[in-house]
Amino acid sequence: MLQCIFLLSDSGEVMLEKQMTGHRVDRSICGWFWDYVISQGGDSTKILPVIASPTHYIFQIFREGITFLACTQVEMPPLMGIEFLCRVADVLTGYLGGLNEDLIKDNFIIVYELLDEMMDNGFPLTTVPNILREMIAPPNIVSKVLSVVTGKSSNVSNILPDATASPVPWRKSDLKSSSNEVYVDLIEELDAILSREGVLVKCEVYGEVHVNSHLPGFPDLTLSFANPSILNDVRFHPCVRFRPWEGEQILSFVPPDGEFKLASYRVKKLKNIPIYVKPQLTSSSGHCRVNVLVGIRNDPGKVIENIRVQFQLPSCVESVDVSSNHGTVNVLADKTCFWSIGRIPKDKSPSLSGNLVLELGLDRLPVFPVFRVGFKIVGVALSGLQINKLEIKNMPARLYKGFRAITKAGEYEVRS
């Protein structure tokens, strides 16, 4: 049972507080949490999701500069607390069209109303986005103008959603659609760590199956894969029937209307990465020479887009002078270097070179940076996962189906 939820900004400011039960949790718990973060290095992304404070158990996730914090004093399944916070973050992102401090502050009434419907007396209640949208209207210019004119600030509907009378709570009972279409996307993130010698230390994919469905009535869908045995740590949307997956490794489900995440998975121990980054740093006599070379390591068969390299220079670097033969290079005030490459040209390999001047008294660079790489490939799932077919029952013959795969860089790091 969760007793309270806090939303904290990057600076530790409490942007929103929602008490879930009769027992009030004091805001001082946020101060304790922030002191704990600072004692662990100050990086919220590296903090454990479950922390035991002297008075409470704390669950936390970090999304787009916002820390979602939940507290309880009773024993409960840790994954329930973490999953609920993830659902809250996903719902707010969908409602507000993004997630940042300004959006939360501008729409705090809707955020409160959503939390009221998503949890009842400390227990998760309604977390399905399409049902929440029937209960609470998403923010728009018209609703904001009406709230100013009429003085009515509530966005909660007085009518129960149609899904409450439906045999499946995530879908209306009398849904109609004129488009008769369904699209399936495989969206993957490649996590990789390479040593300074270029040896692949770790390589795995985290993937999600997204479905965008606009079908009338109660369609029954079956999605099968050509190679489902490669999947690990599979998680499903509540609409998925577990027995067909357990027996035949197929996804059988009645979909919600609109876009939703059908499943997530991991594919481990991969051996191929699409691009290489070869950094070389040589320091002596108070200077450090930097050379970084980027190129295609294993051609995925599709264009690699939005390639970028980022690295944080240590504080002992006094001045930076770097340039590249392709793309743009920007060095921020905190000595973070961003190299935006875009696409790799056919006639040359992108390279970055330059000189770093160290503080007085330092002969060599004491700490070498970690290079973080980003990219995007449309049309390829680097895990090798392939969709076999999508069957649809209880539907008219004329409908449209589509499939797409996208791979992006996740935690893609090259050590120097």
Side-chain angles (χ1 to χ4, degrees), residues 1-9 12-37 44 47-64 66-96 99 104-105 107-136 138 153-158 160-161 163-164 168-170 235-239 256 260-261:
M1 180 175 69
L2 296 176
Q3 296 171 329
C4 186
I5 289 181
F6 297 98
L7 269 62
L8 308 181
S9 68
E13 175 195 357
V14 179
M15 296 189 298
L16 186 141
E17 171 187 343
K18 177 63 178 173
Q19 301 290 337
M20 296 295 185
T21 64
H23 174 80
R24 182 175 179 81
V25 179
D26 194 84
R27 281 196 178 194
S28 60
I29 192 68
C30 299
W32 182 94
F33 170 77
W34 206 250
D35 290 340
Y36 175 83
V37 171
S44 299
I47 301 300
L48 293 173
V50 183
I51 307 165
S53 78
T55 57
H56 294 80
Y57 295 107
I58 298 175
F59 307 97
Q60 70 91 22
I61 65 168
F62 185 80
R63 293 276 186 91
E64 304 295 336
I66 297 174
T67 300
F68 292 78
L69 211 66
C71 306
T72 184
Q73 287 182 311
V74 299
E75 291 284 348
M76 62 174 286
L79 286 178
M80 187 181 83
I82 298 168
E83 177 65 19
F84 179 75
L85 290 179
C86 290
R87 293 281 183 95
V88 170
D90 291 341
V91 167
L92 292 183
T93 302
Y95 255 79
L96 308 180
L99 197 59
I104 295 293
K105 290 180 177 179
N107 299 279
F108 71 94
I109 293 177
I110 285 183
V111 176
Y112 272 112
E113 291 171 344
L114 286 169
L115 291 176
D116 269 336
E117 300 297 340
M118 294 182 72
M119 180 161 284
D120 180 30
N121 198 34
F123 292 96
L125 183 62
T126 304
T127 59
V128 182
N130 61 325
I131 297 180
L132 287 169
R133 285 178 180 273
E134 289 188 57
M135 301 168 71
I136 302 170
S153 58
S154 176
N155 298 280
V156 181
S157 172
N158 295 322
L160 278 175
T164 55
V168 287
W170 53 84
R235 297 173 60 198
F236 303 113
H237 187 277
C239 71
F260 67 100
K261 182 172 72 175

Asker: Hey, could you give me the CG/CG distance between Leu2 and Leu69, rounded to the nearest 0.5 Å?
Answerer: 10.5 Å
Asker: Short question: side chain of Glu64, backbone of Thr93 - any donor-acceptor pair under 3.5 Å?
Answerer: no
Asker: Give me the atom names and distance for the closest heavy-atom approach of Lys18 to Asp116.
Answerer: NZ-OD1, 2.6 Å
Asker: Which is it for Thr127 and Val91 under the side chain to side chain contact (heavy atoms under 4.5 Å, CB included) test, yes or no, and what are the steps along the way?
Answerer: CA-CA 8 Å; Thr127 59; Val91 167; 5.8 Å; no
Asker: Does any part of the side chain of Pro124, heavy atoms only, come nearer than 4.5 Å to the side chain of Arg87, both counted from C-beta?
Answerer: no
Asker: Taking all non-hydrogen atoms of both residues, which atom of Met118 and which atom of Phe84 are closest, and how far apart?
Answerer: O-CE1, 3.5 Å
Asker: Hey, does Ile104 have a side-chain heavy atom less than 4.5 Å from the side chain of Leu96?
Answerer: yes
Asker: Taking the side chain as every heavy atom from C-beta outward, state whether Phe59 and Thr72 have any atom pair closer than 4.5 Å.
Answerer: yes
Asker: Under 6.0 Å from the OH atom of Tyr112, do we count more than 12 heavy atoms belonging to anything else shown?
Answerer: yes
Asker: Rounded to the nearest 0.5 Å, what separates atom CE in Met15 from atom NZ in Lys105?
Answerer: 7.0 Å
Asker: Identify the two heavy atoms, one from Leu48 and one from Gln60, that lie closest to each other, and give their separation to 0.1 Å.
Answerer: O-NE2, 3.2 Å
Asker: Would you compute the distance between atom CG of Leu16 and atom CZ of Phe68 and round it to the nearest 0.5 angstrom?
Answerer: 9.5 Å
Asker: Using 0.5 Å steps for rounding, measure from the CG atom of Leu8 to the CZ atom of Arg27.
Answerer: 9.5 Å
Asker: Determine whether His23 and Cys4 make a side-chain contact, defined as any pair of heavy atoms from C-beta on separated by less than 4.5 Å.
Answerer: no
Asker: Any idea which heavy atoms bring Ala89 and Leu99 closest together, and the distance?
Answerer: O-CD2, 4.3 Å
Asker: Check whether any side-chain heavy atom of Thr55 sits under 4.5 Å from a side-chain heavy atom of Trp32, and report yes or no.
Answerer: no
Asker: Measure the CG-CD distance between Asp26 and Gln19 for me, rounded to the nearest 0.5 Å.
Answerer: 9.0 Å
Asker: So, do Cys71 and Phe6 sit near enough that their side-chain heavy atoms are less than 4.5 Å apart?
Answerer: yes
Asker: Could you measure the distance from the CE atom of Met20 to the CE atom of Met119? Nearest 0.5 Å is fine.
Answerer: 5.5 Å
Asker: So Tyr36 and Ser53, do their side chains get closer than 4.5 Å, heavy atoms only?
Answerer: no
Asker: Between Tyr95 and Arg133, is there a donor-acceptor pair closer than 3.5 Å when you use the side chain of the first and the backbone of the second?
Answerer: yes
Asker: Is there a donor-acceptor contact under 3.5 Å from the side chain of Gln3 to the main chain of Gly122?
Answerer: no
Asker: Might you point out which heavy atoms bring Ser9 and Trp34 nearest each other, and give the distance in Å?
Answerer: O-CH2, 3.9 Å
Asker: Is the side chain of His56 donor-acceptor paired with the backbone N or O of Ile58 at a distance under 3.5 Å, no angle test?
Answerer: no
Asker: For side chain to side chain contact (heavy atoms under 4.5 Å, CB included), just list the numbers for Asp90 and Arg63, CA-CA rounded to whole Å, side-chain angles, deciding distance to a tenth of an Å, and then say yes or no.
Answerer: CA-CA 10 Å; Asp90 291 341; Arg63 293 276 186 91; 3.0 Å; yes
